[in-house]
Amino acid sequence: VLNDSLTPAVGEVTHLTGKVVDVTGKPLTNAAVEIWQCDANGVYLHTRDSGPKKEKQDAHFQGFGRFVTGSTGEYYFRTIKPVPYPGRTPHIHVKVKKGGKELLTTQCYVKG
């Protein structure tokens with residue numbers, strides 16, 4: 001679920017929420033949900049990207065987050081709405097881990 005409100009200095013603030021469940025629909029507790037994405041200028045916080053684009057990088061944007069699910073399997077992130085950058089559709093990378101095992105790596109795309 002994405003809910004947006006405009007904040008011009010950093011992009012559109014977005015609240016990314018969801019629920020991690022197993023194949024039977026049971027909530028997965030203590031699962032680590034990790035996200036990462038580029039800033040509103042299309043720059044990732046990574047030496048291969050932010051190094052050459054240092055002048056464009058938003059120094060106040062963290063670029064990643066981690067949330068550990070509770071008994072309901074729910075997670076919540078406050079981030080920015082993804083922006084396009086050359087050759088890519090706007091997206092947020094998502095990884096789910098539990099007990100040291102990677103369960104899922106995917107991307108969340110934004111309508112439009």
Side-chain angles (χ1 to χ4, degrees):
V1 177
L2 293 170
N3 297 313
D4 305 327
S5 62
L6 188 60
T7 305
V10 297
E12 289 185 56
V13 174
T14 296
H15 301 273
L16 176 63
T17 63
K19 189 174 193 176
V20 181
V21 297
D22 66 16
V23 294
T24 66
K26 180 182 171 192
L28 235 109
T29 61
N30 296 315
V33 180
E34 299 175 347
I35 65 168
W36 65 99
Q37 70 187 94
C38 63
D39 64 21
N41 301 316
V43 181
Y44 278 94
L45 181 61
H46 188 281
T47 53
R48 286 190 306 195
D49 199 40
S50 57
K53 300 176 186 172
K54 196 67 170 173
E55 71 286 347
K56 288 180 60 179
Q57 184 180 10
D58 179 350
H60 302 288
F61 185 67
Q62 185 172 313
F64 63 92
R66 185 170 196 262
F67 191 99
V68 177
T69 62
S71 62
T72 62
E74 293 183 8
Y75 61 87
Y76 168 82
F77 294 97
R78 181 180 183 272
T79 186
I80 62 167
K81 183 176 180 180
V83 298
Y85 58 92
R88 294 301 307 264
T89 297
H91 62 281
I92 298 174
H93 299 269
V94 181
K95 184 175 290 220
V96 179
K97 301 177 186 178
K98 182 168 173 149
K101 189 175 180 182
E102 290 186 11
L103 304 177
L104 174 72
T105 302
T106 190
Q107 294 176 13
C108 176
Y109 293 94
V110 177
K111 185 177 180 180

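Note: hydrogens, waters and symmetry copies are ignored here, and every other heavy atom, side chains too, is used.
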Next item on the list: Please answer: with hydrophobic residues joined when any side-chain heavy atoms are less than 4.5 Å apart, are Ile92 and Tyr76 in the same cluster?
Entry: yes

Notebook entry, point to check: Atom OG1 of Thr106 and atom NZ of Lys95: how far apart are they, to the nearest 0.5 Å?
Noted result: 11.5 Å

Next item on the list: Search all heavy atoms of Lys19 against all heavy atoms of Tyr75 and return the closest pair with its distance.
Entry: N-CE2, 3.5 Å

Checklist line | Approximate separation, where rounding is to 0.5 Å, of Tyr85 OH and His91 NE2 | finding: 3.5 Å

Margin query: Quick check: closest heavy atoms across His60 and Asp58, and the distance to 0.1 Å?
Written below: N-OD1, 2.8 Å

Note to self: Among Gln57, His93, Gln37, exactly one meets side-chain hydrogen bond (donor to acceptor under 3.5 Å, both in side chains) together with Tyr44. Which residue is that?
What the structure shows: His93

Next item on the list: First locate atom OG of Ser71, then atom CG of Leu28, and finally report the distance between them rounded to the nearest 0.5 Å.
Entry: 12.0 Å

Item checked: N/O donor-acceptor pair under 3.5 Å between Thr17 side chain and His15 backbone -> no

Margin query: Tell me the closest heavy-atom pair linking Thr29 and Gly70, and the distance in Å.
Written below: CG2-O, 3.2 Å

Notebook entry, point to check: What is the minimum heavy-atom distance between Lys56 and Val43, and which atoms define it?
Noted result: CB-CG2, 4.0 Å

Margin query: Do Leu45 and Phe61 land in one hydrophobic cluster if side-chain heavy atoms of ILVMFWY residues count as linked below 4.5 Å?
Written below: no

Notebook entry, point to check: Can you name the closest pair of heavy atoms from Pro27 and Gly73 and give their distance?
Noted result: CB-N, 3.8 Å

Next item on the list: Write down the atom of Phe77, the atom of Arg66, and the distance for their closest heavy-atom approach.
Entry: CE2-N, 3.6 Å

Next item on the list: Using the rule that two of Ile, Leu, Val, Met, Phe, Trp, Tyr join whenever any of their side-chain heavy atoms come within less than 4.5 Å, decide whether Val21 and Val68 are in one cluster.
Entry: no

Next item on the list: Hey, could you give me the OG1/OH distance between Thr89 and Tyr109, rounded to the nearest 0.5 Å?
Entry: 6.5 Å

Note to self: Are more than 12 heavy atoms, taken from residues, nucleotides or ligands other than Arg88, located less than 6.0 Å from that residue's CZ atom?
What the structure shows: yes

Check: If only atom types and distance count, is the side chain of Thr69 paired as donor or acceptor with the main-chain N or O of Glu74 below 3.5 Å?
Finding: no

Notebook entry, point to check: Considering residues at least two apart in sequence or located in another chain, which fulfil the ring-ring contact (aromatic ring centres under 6.0 Å, His included) criterion with Phe64?
Noted result: none

Next item on the list: Find out whether Val13 and Arg78 are in side-chain contact, i.e. whether some heavy atom of one side chain is under 4.5 Å from a heavy atom of the other.
Entry: yes

Margin query: How long is the straight-line distance from CG of Asp39 back to CD1 of Ile80, given to the nearest 0.5 Å?
Written below: 6.0 Å

Next item on the list: Mind checking the CD1-CZ spacing from Ile35 to Phe67? Nearest 0.5 Å is all I need.
Entry: 11.5 Å

